[in-house]
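Every chain is numbered from 1 and lettered A, B, ... according to where its sequence line falls, protein lines coming before strand lines.
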Amino acid sequence: MKKSHTLTLITALTALLTSCNSDATQHSGMSLIQKSDPDPIILDEKTEKDHKLVASIKKDVAKFDELYDVAVIKGEEEILVAYKVKHMQRFHMVKIEGEINKMLEEKYPKENFIVSSDYKIFLEAVELNDKMKNPDFSEEDAKKNLEEIIKLKKELT
Amino acid sequence: MLKGKQSWVFNNRPVITATGVTGGPFEANGRLSGDFDVLFDDLWMGEDSYEKAHRHLLEVATNTAFEKEGVTVEDVQFMIAGDLINQITPTSIAARQLKLPYLGIFGACSTSMEGLALASFFVNYGGGNYILTGATSHNAAVEKQFRYPTEYGGQKPPTAQWTVTGSGVALVKANQGNESGKPVTTSATIGKVIDLGLTDPFNMGGAMSPAAADTILAHFKDLEIDPSYYDLIVTGDLGKIGHETTFGLLQKEGLPIKKEQFKDCGMLIYHEDQPVQSGGSGAGCSATVLYGHLLNEMKKGTYKRILVVATGALLSPLTVQQNETIPCIAHAVSIEMNE
Amino acid sequence: MLAMFFWAFVVGGAICVIGQLMFDVARLTPAHTLSTLVVIGAVLDGFGLYEPLADFAGAGVTVPITNFGNTLVHGALQEAEQHGIIGVLTGMFEITSSGISAAIVFAFIGALIFKPKG
Amino acid sequence: MGNKKPESKEVEQYKQFEKNFETKRPLFKNCLKAFLVGGFICMIGQAITYFYIYFFSFTEQTAGNPTVATMVFISMLLTGFGVYDRLGQFAGAGSAVPVTGFGNAVISAAIEHRTEGFVLGVGGNLFKLAGSVVLFGVFSAFVVALIKTILIKLGAI
């Protein structure tokens, strides 16, 4: 067989497997393996009322004992609620998502929610949370970032 | 001349005067590597397809036999040979290069003895001074045709067998009476097609056993002798399972055959630790082992008289897919040392 | 998440054991075995059982060939929701395509650069 | 056509007789090996899935496609280097059932028949082994999806 070709292939493979492992910070990186419990975030004008709202949302969602670790992000229109389901409960993930939606709709009729149990969404939420800590990460960027997350969630097949 | 129902006796004792035996890398690691004339360390043998490599095996074996005997194509009258590939093209194409009058034969893995029996018959009755006969198989080429692509990760059951990569050819020569110390063919028994309903292409040994047993029994019946006449009765490529089954069948028929005088080429050719499941198989199996190892042993004096029973499973991928049972055959040739 | 690896291993392994039993007990050829498994996957998704399994065991059920049947049905149903019956045909390869196209592309590349080892 | 002729007594007797000499397939050992190897392959698949979730914008739902593609790519390398057939002899269904086995079936056929040219050889034999999987996968999927869609349209579900 032709050595040169196979070499290129191997390098290609290794390149693929080792590429761009920079853009996941320690905190978010660990957030899949262990409970990270991020604080709720608010992306538009942060009134006392908003703070209460997101805190209570987080609390209410966390009440479901099928799941652990809840992240809440309040954008202008939508509120993103991402959570992790205890493994043995993953069979019922669809049902759980339904129940949470229902609960939120009833309890906070004014808000419109985007609920996801997807690791990726949670991961993004936590990353966004980290980025917020950085002062030169503007509110605009944050909002763009949230839109992207929501787009991700929408394209779930 | 015909003796009994299906056997010939060769009163003029045709001589197996020279042989050529080639093998592949897997055989080079085998138990009988010392008995091959030429061993290739690569399955491709410098050709660009397995089928061409297959043909190359036969060509090299043929030239080796010619050189040993010191003859050229001119001295040889006929070529009687075959292999396992569709329409035995590798052998036919080799015959094209050799420009010899050619009889292509197909007896699956029994081709070697079918050829030797016919060649001996011709020579015995003055049909030629020199007749070239032999059989060839190439593991990858045969796997490709009968099983899966060679790189496909299919699991072979313990009943499966490993197709030998190798070619064994012999020059059968009219006996001028001055042939002492040379092996001669004294009789042959042509087998019937026997099919006892086995369908598993991964258990050829089991399928071929009844054919082997039938031919062996017929041989002793026709020639009115018993197994003690031979130092060795060797089957072609039954493998472990077929070997034991056949031995069982022969005992059931009350044939006084002893375990130690009953062997199988498919079990001789490889080491225990080689991944060949039940043993070796293929047209090249009996050909390489007989024309290499066994004749060498006879010249050493280990055996005086042997009976070689080459077995063949006459199936094709098509018949297998159409759930046909496996028709099998076996041909026996008796070889003795000329005092 | 570590639990995910564990269950992927167990469930994936179990599916392979089923395959092995079809080889050795039912004496099916690989082609028959795999075809059967694909059909099973399709039927399971028809009953809506495949997705919960995938949520639970991840690659344990998305890597075995059964997933091929599952994704085919999935794509068909999704498309059917939007375009009605005809979507069943058009949507079939919506999701599955990657597996087949990858196999075809890499097979050709393989044929270009590799020779069978025998 | 599968000609199932009524089996004669002789055939029956011989089949029984032959069974005694046949080496039994090591069922338990085979199953164990299939379980371990198959499970391991799936675990690698899981790792690749998480790799795509982490470093690219794939969610749990969408990461399946790149994962399958990557597995098939790996199986091409293993097939080409002559490893996969040995693995198959050891693992049986453990390496045949995962999608890598599907890849191996297609790729091995392609490599094998290149000597007959790229059009008639590779092209003609590509799906020699895997074709049946595609056929039955697609057709059963069609039937299942059709039935389900009709039932939904009729409001049965």
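In this structure, the portion of C:L37 lying under 4.5 Å from any heavy atom of chain D is its side chain and not its backbone. Looking at D:V122, the atoms closer than 4.5 Å to chain C (heavy atoms on both sides) all sit in the side chain, from C-beta outward. Both the backbone and the side chain of C:F5 come within contact range of chain D, judged by heavy atoms closer than 4.5 Å. Neither the backbone nor the side chain of C:N70 comes within contact range of chain D; no heavy atoms are under 4.5 Å apart. Neither the backbone nor the side chain of D:I147 comes within less than 4.5 Å of any heavy atom in chain C. Residue contact with chain C, scored on non-hydrogen atoms closer than 4.5 Å, involves the side chain of D:V144 exclusively. Contact annotation for D:F139: neither backbone nor side-chain heavy atoms come within less than 4.5 Å of a heavy atom of chain C. Heavy-atom distances place the side chain of D:V68, and not its backbone, under 4.5 Å from chain C. When heavy atoms are compared at a cutoff of 4.5 Å, C:F6 does not approach chain D at all. Of the atoms belonging to D:L146, heavy atoms from both backbone and side chain fall under 4.5 Å from chain C. Neither the backbone nor the side chain of C:A54 comes within contact range of chain D; no heavy atoms are under 4.5 Å apart.
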Residue pair D:I111, C:K115: steps toward the side-chain contact (heavy atoms from CB on, under 4.5 Å) verdict:
CA-CA 6 Å; D:I111 296 176; C:K115 273 174 118 190; 5.6 Å; no

Step-by-step side-chain contact (heavy atoms from CB on, under 4.5 Å) determination, D:V138 to C:F93:
CA-CA 9 Å; D:V138 170; C:F93 283 93; 3.5 Å; yes

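What you find for D:A34 and C:C16 is that their closest heavy atoms are O-CB, 3.7 Å. Contact record, C:L34 with D:V97: CD2-CA, 4.0 Å, taken as the closest heavy-atom pair. The two residues C:A31 and D:S132 have their closest heavy-atom pair at CB-OG, 3.9 Å. For the pair C:D45 and D:K148, the tightest heavy-atom approach, listed with the atom from each and the gap, is O-NZ, 4.0 Å. Between D:C31 and C:V17, the shortest heavy-atom contact is O-CG2, 3.6 Å.
The line from NZ of C:K117 to CG of D:D85 is 9.5 Å long, rounded to the nearest 0.5 Å. Considering CD of C:E81 and OG1 of D:T149, their distance stands at 9.0 Å, rounded to 0.5 Å. The structure places CG of D:N30 at 5.0 Å from CG of C:D24, a figure rounded to the nearest 0.5 Å.
Residues of residues 39-47 of chain D that come within less than 4.5 angstrom of chain C, heavy atom to heavy atom, are D:G39, D:F40, D:I41, D:C42, D:M43, D:G45, D:Q46, D:A47 in numerical order. Chain C is approached within less than 4.5 Å, heavy atom to heavy atom, by D:F102, D:V106, D:I107 from residues 100-108 of chain D, ordered by number.
No donor-acceptor pair closer than 3.5 Å links the side chain of D:R114 to the backbone N or O of C:I113.
The greatest number of non-hydrogen atom pairs below 4.5 Å with chain D, out of C:V11, C:T62, C:T71, C:V38, is found for C:V38. If you tally non-hydrogen atom pairs under 4.5 Å between each of D:L126, D:N65, D:V99 and chain C, the highest count goes to D:N65. Options C:I15, C:I104, C:I100 differ in how many heavy-atom pairs under 4.5 Å they form with chain D, and the most are formed by C:I104. In terms of heavy-atom pairs under 4.5 Å with chain D, the best-connected choice from C:L89, C:L21, C:V88 is C:V88. Across C:S35, C:S101, C:G46, C:G12, the residue that shares the most heavy-atom pairs under 4.5 angstrom with chain D is C:S35. Among the candidates D:L129, D:L32, D:V134, the residue making the largest number of heavy-atom pairs closer than 4.5 Å to chain C is D:V134. By number of non-hydrogen pairs under 4.5 angstrom with chain C, the leading residue of D:G82, D:P66, D:G137 is D:G137.
When each of C:I40, C:V39, C:V73 is tested with D:S140 by the rule side chain to side chain contact (heavy atoms under 4.5 Å, CB included), just one qualifies, namely C:V39.
Open room surrounds NZ on D:K29; 12 or fewer heavy atoms of other groups in view lie less than 6.0 Å from it. Environment of CZ in D:R25: crowded, with over 12 heavy atoms of neighbouring residues, nucleotides or ligands closer than 6.0 Å. Counting heavy atoms of neighbouring residues, nucleotides and ligands inside a 6.0 Å radius, atom CZ of D:F136 does not exceed 12 of them.
Screening residues 36-59 of chain C for ring-ring contact (aromatic ring centres under 6.0 Å, His included) gives A:H87-C:F56, A:F91-C:F56, C:W7-C:F56 as the qualifying pairs, with residues at least two apart or on separate chains.
Contact annotation: the side chain of D:P98 never approaches that of C:P64 to less than 4.5 Å [non-hydrogen atoms, C-beta and beyond]. Contact check for D:Q61 versus C:D55: side-chain heavy atoms found under the 4.5 Å cut-off. Considering only heavy atoms from C-beta on, C:F106 stays 4.5 Å or farther from D:L77 through its side chain. For the pair C:I109 and D:M76, the minimum side-chain heavy-atom distance is below 4.5 Å. Side-chain contact between C:L112 and D:F118 is present, with at least one heavy-atom pair separated by less than 4.5 Å. Proximity of C:M4 to D:Y50: side-chain heavy atoms (C-beta onward) are separated by under 4.5 Å at one or more points.
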Show every donor-acceptor pair shorter than 3.5 Å between a side-chain atom in residues 88-96 of chain D and any protein atom, with sequence neighbours excluded, or say none if there are none.
from, atom 1, to, atom 2, distance (Å)
D:Q89, OE1, B:K156, N, 2.7
D:Q89, NE2, B:K156, O, 3.1
D:S95, OG, D:G92, O, 3.3

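Centroid-to-centroid, the aromatic rings of C:F9 and D:F35 come within less than 6.0 Å.
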